[in-house]
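Worth saying up front: this structure is predicted, and the values here are computed from it rather than measured. FYI, side chains are in, hydrogens and waters are out, and symmetry mates aren't considered; it's all heavy atoms of this structure. For reference, positions follow the sequence shown, starting with 1.
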Amino acid sequence: MDLFNQLGSFRILKEPLAFLRALEWLFAIFAFATCGGYSGELRVSVDCANKTQSDLRVDIAISYPFRLYQVNFDAPTCEGKRREKLSLLGDFSSSAEFFVTIAVFAFLYSLAATVVYIFYQNKYRENNRGPLIDFIVTVVFSFLWLVSSSGWAKGLSDVKVATDPDEVLLLISACKQQTTKCTSVRGPVMSSLNTSVVFGFLNFILWAGNIWFVFKETGWHASGVQRYPHETTEKQSSSYNQSLNQGVYSQDNYGQTPGFNQQQGGYGQQPSLGQTGGLGQQNYNQAQYNQTGPTAFGNQI
């Protein structure tokens with residue numbers, strides 16, 4: 001039974017929070033593997049006037065963490081059998097190591113968070129402590145991914161310049177002689193380093209996008225959701241009461257309408273004969289008064 005429960009808990013990987021965390025774990029592996037596991041080689045040739053002194057295969061190996069000032073190589077001087085020991089220029093280890101460090105820690109945290117989501121989900125949501133810590137760490141890693149990826153992108157462009165075979169030829173003293181022919185055979189292949197930069201920015205997008213889903217698990221989002229629906233419920237209740245009162249008022253007015261109709265019906269009834277005679281006599285007397293009144297007054301004058 002416990003086995004079935006554990007297998008059922010893997011369904012949480014279908015939710016955006018856990019699914020994005022699993023992608024972060026995978027993309028972090030690609031980021032530090034493509035950068036930290038890099039090794040390349042460039043080759044130049046030095047063709048002296050005296051062919052016996054030439055070296056057409058001067059190989060220079062470079063690798064992570066790109067402390068190029070420690071990369072040494074030998075080149076002919078075209079002056080007898082003497083060779084000079086040279087080294088490349090530059091130190092780009094800080095940006096590369098920072099990028100790989102962030103990738104390794106992001107890998108470890110994503111793995112640990114995914115395990116917690118699957119097997120310790122109840123403890124994760126207990127007291128709201130787990131979501132708050134998860135939210136803060138996600139925001140921090142989003143910022144670190146942006147900084148490290150931007151720094152490594154700049155560092156990689158500097159590495160490409162420093163390892164350009166044409167730039168390396170400028171370090172060889174024999175290539176400054178007009179009688180010596182120096183050429184670049186091939187440069188280092190850096191496609192994996194370009195891929196590492198791409199994965200760095202993809203990790204930033206994943207972590208930044210996951211901030212919202214982690215925030216939804218916190219108490220801050222829960223309190224906001226509880227507050228706004230309460231106000232909405234009050235508005236709906238008040239509008240319902242208002243419409244209900246309007247309905248009652250309309251019913252009251254409708255109930256008074258038959259009385260008015262009855263009153264109209266009363267006016268519509270034909271009066272009896274006695275009532276008709278009384279009214280006729282009254283109107284006749286009033287008309288007679290109105291006619292005789294002024295005449296009598298004129299006679300007296």
Side-chain angles (χ1 to χ4, degrees), residues 1-38 64-65 94-153 192 195-233:
M1 194 68 180
D2 295 337
L3 179 61
F4 286 108
N5 292 333
Q6 293 180 358
L7 292 177
S9 58
F10 279 93
R11 296 177 181 175
I12 196 174
L13 293 175
K14 296 181 180 180
E15 298 181 5
L17 174 62
F19 180 73
L20 289 177
R21 196 67 81 194
L23 286 181
E24 292 166 0
W25 171 77
L26 183 63
F27 278 39
I29 295 176
F30 292 148
F32 73 75
T34 52
C35 180
Y38 175 80
Y64 173 84
S94 59
S95 59
E97 289 178 340
F98 180 64
F99 179 80
V100 172
T101 301
I102 296 302
V104 171
F105 278 105
F107 159 76
L108 295 176
Y109 180 80
S110 299
L111 179 61
T114 304
V115 172
V116 170
Y117 293 160
I118 296 174
F119 299 104
Y120 304 99
Q121 186 176 5
N122 294 331
K123 292 184 179 180
Y124 169 77
R125 291 188 170 91
E126 186 178 356
N127 297 328
N128 200 35
R129 184 178 302 175
L132 289 178
I133 296 175
D134 196 15
F135 175 75
I136 294 173
V137 174
T138 303
V139 172
V140 172
F141 265 109
S142 300
F143 175 75
L144 293 177
W145 270 118
L146 178 61
V147 173
S148 62
S149 299
S150 302
W152 171 229
S192 63
T195 305
S196 68
V197 174
V198 173
F199 276 114
F201 284 106
L202 285 177
N203 273 286
F204 162 70
I205 294 174
L206 284 175
W207 285 81
N210 207 14
I211 291 177
W212 166 247
F213 297 104
V214 179
F215 176 74
K216 290 174 65 176
E217 299 292 331
T218 61
W220 300 330
H221 179 266
S223 60
V225 170
Q226 291 177 359
R227 182 172 64 254
Y228 289 107
H230 180 68
E231 295 178 357
T232 306
T233 304

Who pairs with T195 by side chain to side chain contact (heavy atoms under 4.5 Å, CB included), at least two apart in sequence or on another chain? T34, F199

Heavy atoms of S95 and G151 approach each other most closely as CB-O, 3.6 Å

To the nearest 0.5 Å, what is the distance between CG (L23) and CG (L206)? 6.0 Å

Are a donor atom and an acceptor atom from the side chains of W152 and S196 found within less than 3.5 Å of each other? yes

In this structure, CG of N203 is separated from CG of L26 (nearest 0.5 Å) by 9.5 Å

Under the side-chain contact (heavy atoms from CB on, under 4.5 Å) criterion, do K216 and W212 qualify, and how do the steps go? CA-CA 6 Å; K216 290 174 65 176; W212 166 247; 3.3 Å; yes

Could you pull out the closest heavy-atom pair between S142 and I211, with the gap in Å? OG-CD1, 3.7 Å

To the nearest 0.5 Å, what is the distance between CZ on F27 and CH2 on W207? 13.5 Å

With W145 via side-chain hydrogen bond (donor to acceptor under 3.5 Å, both in side chains) - residues at least two apart: none

Look up atom OG in S149 and atom CZ in F98, then write down how far apart they are to the nearest 0.5 Å. 9.5 Å

Compare every heavy atom of S148 with every heavy atom of F99, then report the nearest pair and how far apart it is. CD1-O, 3.8 Å

Quick one: CZ on F141 to CG on L146, what's the gap to the nearest 0.5 Å? 14.5 Å

Taking all heavy atoms of V197 and all of A153, pick out the closest pair and write down the distance. CG1-CB, 3.9 Å

Mind checking the OG-CZ spacing from S110 to F105? Nearest 0.5 Å is all I need. 13.0 Å

Results of side-chain hydrogen bond (donor to acceptor under 3.5 Å, both in side chains) for Y124 - residues two or more places apart only: D134

What are the two closest non-hydrogen atoms of A103 and F32, and how far apart are they? CB-CB, 3.6 Å

On a heavy-atom basis, the closest approach of A22 and T114 is N-OG1, 4.1 Å

Can the ring centres of F135 and F215 be said to be less than 6.0 Å apart? yes

Hey, is the main chain of T138 close enough, under 3.5 Å, to the side chain of N210 for a donor-acceptor pair? no

